[in-house]
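Structure first, commentary second.
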Amino acid sequence: MDAVVWLEEVGKEDLATVGGKGASLGEMINIGVPVPGGFAVTAQAFRDFITRSGISKKLFESLEVDVNDQAQLLKAEADAKKLIMDAKVPKDIEKAIRSRYEELCKREGKEVFVAVRSSATAEDLPTASFAGQQETYLNMRGADNVFEAVRKCWASLYGARAIFYRVEQGFAHEKVNLSAIVQKMVDSEKSGVMFSSQPSTGEPLVVIEAAWGLGEAVVSGSVSPDNYVVDRVKKTVESKFIAAKEIMIIRDPKTLKTVTIKVPPKKKEAVVLTEDEILQLAKYAEILEKHYGIPQDIEWGVEKNKIYILQSRPITTIHKAKKPAAETAESGKVLVNGLGASPGMASGIVRIITSAKDLSKIQQGDIMVTKMTMPDMVPGMRRAGAIVTDEGGMACHAAIVSRELGCPAVVGTKKATSVLKDGMEVTVDGRKGIVFEGRMTVPEAAKPAAASGPLTMITKPITATEIKVNISEPDRASAAAATLADGVGLLRIEHMILGLGKTPNWYIKNEKTDEYIDELIKGIKTVADAFYPRPVWVRTLDAPTDEFRAMEGGEGEPIEHNPMLGWRGIRRDLTETAHFRLEVRAFKKLHEMGLDNVGIMLPMVQHVKELKAAKSIMIQEGLDLEKIDLGIMVETPGAALTIEDFIDEGLNFVSFGTNDLTQYTLAVDRNNENVAGLYTELHPAILKQIEYVVERCSEAGVKTSICGQAGSYPEMAKRLVEIGITSISANIDAVAVVRETVARAEKIMMLRALRDKN
Ligand code: PEP
Ligand code: MG
């Protein structure tokens, strides 16, 4: 047997020669999957080295220790490793390794960086896996370094952990060999991961995530990647979602260390993969799934227009029912209760997250458990199978974003982060608000519609009442537009601003207001473009002081006794007019860019003088109020009960913010889990105010809408149609249901009217 073999010369039958890793790489090349090229220093070369160098006897004697005695184990490691590193490698073996590396460089046309990986194999049990026991050396270049790394891999066969493992598992040290795999490092210009089947439902859809630079950015979740879905049956790209990719990880050519840099502005919102690359990747995903017989989670990279498959392993998130189908979550043990904030059920592994720094813990489909989500946690929320929080009510950040992402969520459990433990398997029922112990059979109908899933064909009933959609994260714009909604009834900008990490005041203090305006424009434009010419009502800033305090520039935020009743919304913008003016300038620019579908909506208004003051600033800033849709949110009883004054002052629309209108009418803090049981938008006092406002507005020709969570409840939607509302704005996942409810309600009203007439 040769001391070295090219990877393409080996296959699955060569386990004894090149170990599991080498055999699998060879096999992939042979079935047409482009893995980075390289060679293996065979297990026989290693065995030859030990025998011919004369260290064999001494080596195996040094391993005869009590592995449960830490001191003895560490001494065995030190002795064995020293023997390997000091021994002379026979000239022919050394020469074979060096010259094969040089040949590899010739093949690649330059002195390549390689990874030197250990691939251990047992002589009498070649299928045994020693994965992760031995070392890997990355970024090696030059024959000397490569040769040295191979010797280190050999030595790593005698690491303490590996020795302990073999004794525990009953493997004789003498029968275990090591092949060193020397493989070209791919310096990806773009990279990512893909799933050969839809990871939560198992449908034949390849889901690809892609970003610029090396793959760590996507794998660790530090960047929001593009997302593409390919229908494996039709061989077509079903959906493309282009994310704003803020950062990228590259290898510093000098230090060889990976560094995180900002994505150049031009590439930030550019599509990462071409249509051909997407389809080609999907093809490889299909080949790999077929080859391994189960859906695969694959890492890939593209270097100089060539695709490389870097790793493939089974997806662990498609949960085939392990238990009898009759056992649904209803019969399981309840671990914690909370509010069912986003419907759907999912099983997975608990990951406790204390800050955005922990996000890399979350793999696709894991259950994210945290006190409360923050805007910088959204990349992790995208990967989560479900979200569970200690704090919050139906309108908290976790609830709003989960619904938008189509991810089941239970909020306000008070104790999830202490009761649930990292690594636990649980089932989350986001409709009932329960977390059950263990993995349970999730009924097909209860599975969440995957946020990244295909854009399903929508047969859209025509309704007289317009059905709109709410958006908080601009990168959900294409998913929102795919609902065929009649417009955006609420675009919240505070999630976008809180995501910047710096308060608006920081930008003002540091004289970077242009940067701030650009950020506003960028986020709003994404949505306005996706919906054009359908109207997009953008709400001016409405972030409570406690949310700003954690941000750079938020140090001086006042500590308020009750931030919900405090300095937020229009009342803050009218005292800190410098900030409000920046928002107005952004609106002005958007209109100048031709985005005349952008409307302005003012939050937390309670007296007509606030509308008057806001209008006067807008006029001072040169906004043409004749050409722009301007409205207020009706979310205080103050505004609802004096709506005539607003109509007299002049406005184009009102929109019910029932999340707040409910808390201010019923005196129930929407973020306080202790009073969550009292919180209901269907309270007659709320409905009375809505009815009153709609009547006054209808008489005056002012449009009426709802953008609070209640608009997504079919029961409320039906009542609103009967009351005569002009439009209903629902969450992305609720648009279809609300539309159907509204269509039915309208038909019933027409039938009733006809019958009454006859
Ligand atoms: C509301 O209050 O109903 C609303 C939509 O605004 P937010 O939830 O952002 O306060
Ligand atoms: Mg509100």
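All ligand and atom numbering here is 1-based and tracks the order in the structure. Residue indices begin at 1 and follow the sequence shown. Only this structure's heavy atoms are used, side chains among them; waters, hydrogens and symmetry mates stay out.
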With a cut-off of 6.0 Å (strictly less than), are more than 12 heavy atoms of other residues, nucleotides or ligands near NZ of Lys268? yes

How many protein N, O or S atoms sit closer than 2.8 Å to the Mg ion (ligand 2)? 2

Glu583/Arg572 ion pair, N-O < 4.0 Å: no

Could you walk me through whether Glu494 and Arg539 pass the salt bridge (Lys or Arg N to Asp or Glu O under 4.0 Å) check? CA-CA 9 Å; Glu494 50 280 353; Arg539 182 175 72 181; 2.3 Å; yes

Spatial distance of atom OG1 (Thr413) from atom CD (Glu673) [nearest 0.5 Å]: 8.0 Å

Closer than 3.5 angstrom, by distance alone: can the side chain of Thr704 be matched with the main-chain N or O of Val694 as a donor-acceptor pair? no

Tabulate below the donor-acceptor pairs under 3.5 Å that side-chain atoms of residues 715-725 make, not counting sequence neighbours, or state none.
none

Output all residues satisfying side-chain hydrogen bond (donor to acceptor under 3.5 Å, both in side chains) with Thr465, sequence neighbours left out; order by chain, then residue number. Glu746

Atom OG1 of Thr636 and atom CD of Gln689: how far apart are they, to the nearest 0.5 Å? 8.5 Å

Could you check Thr545, Asp546, Asp573, Asp542 and say which one makes a side chain to side chain donor-acceptor pair (under 3.5 Å) with Arg568? Asp542

So if I only count non-hydrogen atoms and take anything under 4.0 Å from ligand 1, which residues does that give, chain by chain? Leu490, Arg492, Arg539, Arg568, Met633, Glu635, Gly657, Thr658, Asn659, Asp660, Arg670, Cys707, Gly708

